[in-house]
Amino acid sequence: EVNDDVKDEL
Amino acid sequence: MNIFRLAGDMTHLFSVLVLLLKIHTIKSCAGVSLKTQELYALVFAARYLDIFTNYISLYNTVMKLIFLGSSFSIVWYMRYHKIVRRSYDKDQDTFRHYFLILPCLLLALLINEKFTFKEVMWTFSLYLEAVAILPQLVLLQRTRNIDNLTGQYVFLLGAYRALYILNWVYRYFTEPHFVHWITWVSGLVQTLLYADFFYYYFQSWKNNQKLHLPA
């Protein structure tokens with residue numbers, strides 16, 4: 001899946 | 001969540017609390033750049049657009065509210081509070097920060113991960129945060145006496161992004177496809193801007209002298 005995990009950072 | 005990122009968030013939280021404490025208790029914002037504070041308020045506004053639509057965790061939402069609330073209240077204090085605003089050094093805080101906003105916005109329109117409004121605004125907030133400290137660093141060079149609360153504030157603000165770099169390195173090695181060049185490059189540029197401040201801050205700490213930056 002497209003990793004937009006960095007959005008879990010502040 | 002890893003220790004580097006938690007330490008980074010706590011350091012960032014401390015930096016805004018130190019500044020709020022200074023302004024709220026001694027009712028003074030001497031040595032603080034309003035332009036940097038306005039840029040930071042803009043950074044958080046552009047980055048946390050999805051605060052109520054994209055729930056990550058309680059921690060994430062609470063921290064976003066704290067950063068939004070503190071940055072806007074610091075701007076309010078420095079602009080409108082009748083006592084605090086008197087200690088604002090407006091003829092020294094002359095960095096034309098509008099010249100930072102437009103290039104960051106143009107760059108975000110050109111270089112981003114997805115050309116959507118939210119993603120462009122998020123990227124804009126990254127680029128803007130990288131340069132947001134410049135008015136404050138320029139002001140520190142001008143005002144000879146840097147009171148240690150302001151020095152601590154700038155130090156913590158620089159340290160938080162340095163800790164975030166360690167967090168990105170950790171995540172790169174522990175999470176597959178965790179690659180975010182835009183975030184990494186702008187975070188690195190941001191930290192490098194503090195390099196000389198860190199040097200003089202460390203020197204003053206080592207020689208137990210008052211922090212002063214060369215003209």
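Because the structure is predicted, anything quoted here is derived from the model rather than measured.
Residues of residues 67-78 of chain B having a heavy atom under 4.5 Å from any heavy atom of chain A, listed by number: B:Phe67. The interface of residues 3-11 of chain B with chain A, defined by heavy-atom distances below 4.5 Å, comprises B:Arg5, B:Asp9.
Contact of B:Asp50 with chain A is not made at all, since no heavy-atom distance falls under 4.5 Å. Residue B:Tyr48 touches chain A through its side chain alone, counting heavy-atom pairs closer than 4.5 Å.
In this structure, the side chains of B:Lys64 and A:Leu10 come closer than 4.5 Å at one or more pairs of heavy atoms.
Summarising the local packing, OH of B:Tyr170 is surrounded by 12 or fewer heavy atoms from other residues, nucleotides or ligands at distances under 6.0 Å. More than 12 heavy-atom neighbours from other residues, nucleotides or ligands sit within 6.0 angstrom of OH on B:Tyr55. Crowding of B:Phe198 atom CZ: a count of heavy atoms from other residues, nucleotides or ligands under 6.0 Å exceeding 12. Residue B:Tyr59 qualifies as enclosed at atom OH: its count of foreign heavy atoms under 6.0 Å is above 12.
Formation of a donor-acceptor pair under 3.5 Å by the B:Asn60 side chain with backbone atoms of A:Asp8 is found in this model.
Applying the side-chain contact (heavy atoms from CB on, under 4.5 Å) test between A:Lys7 and each of B:Arg47, B:Lys118, B:Glu119 identifies B:Glu119 as the sole match.
By the 4.0 Å N-to-carboxylate-O rule, B:Arg171 lies close enough to A:Glu9 to be salt-bridged with it.
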